[in-house]
Amino acid sequence: MPTYEYECADCGPFAEVHPMAEFDRPQPCPDCATPAPRLLTAPALGGGAQDASGPAAPAHAGGCACCMPRRLSAEAV
């Protein structure tokens with residue numbers, strides 16, 4: 001499930017994990033329980049993060065040749 005950011009008018013910003021179907025619903029502030037609107041933020045789309053499962057992902061979107069391993073052509077082999 002994605003993490004969405006919200007901002008309470010009294011307490012400030014906070015983040016909550018919710019299903020995508022609830023992206024537009026205000027969420028109660030964890031401090032004062034006042035319904036807070038979701039902030040418009042950029043999505044976190046892969047980009048070099050590494051975890052225990054393997055090597056770091058390329059820093060650019062798929063199809064970018066600058067980060068991909070080079071392959072030898074059949075002529076060079």
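Below, all heavy atoms of this structure are taken into account, side chains as well, without hydrogens, waters or symmetry copies. Treat the numbers as computed from the prediction; the structure is a model and nothing was measured.
Screening Cys11, Pro13, Pro35 for a side chain to side chain contact (heavy atoms under 4.5 Å, CB included) involving Cys29 leaves a single residue, Cys11.
Cluster note: Phe14 groups with Tyr4, Tyr6, Met20, Phe23 through ILVMFWY side-chain heavy atoms spaced under 4.5 Å, whether in direct contact or through intervening members. Summarising the hydrophobic clusters (Ile, Leu, Val, Met, Phe, Trp, Tyr; side-chain heavy atoms under 4.5 Å, direct or chained), the residues clustered with Val17 are Met1.
The list of side chain to side chain donor-acceptor pair (under 3.5 Å) pairs with a residue in residues 23-34, not counting sequence neighbours, reads His18-Gln27. Contacts classified as salt bridge (charged side-chain N to carboxylate O under 4.0 Å, His left out) and involving residues 3-15 (residues at least two apart or in different chains) are not found.
For the residue pair Pro28 and Ala33, the shortest heavy atom distance occurs at CB-O, 3.8 Å.
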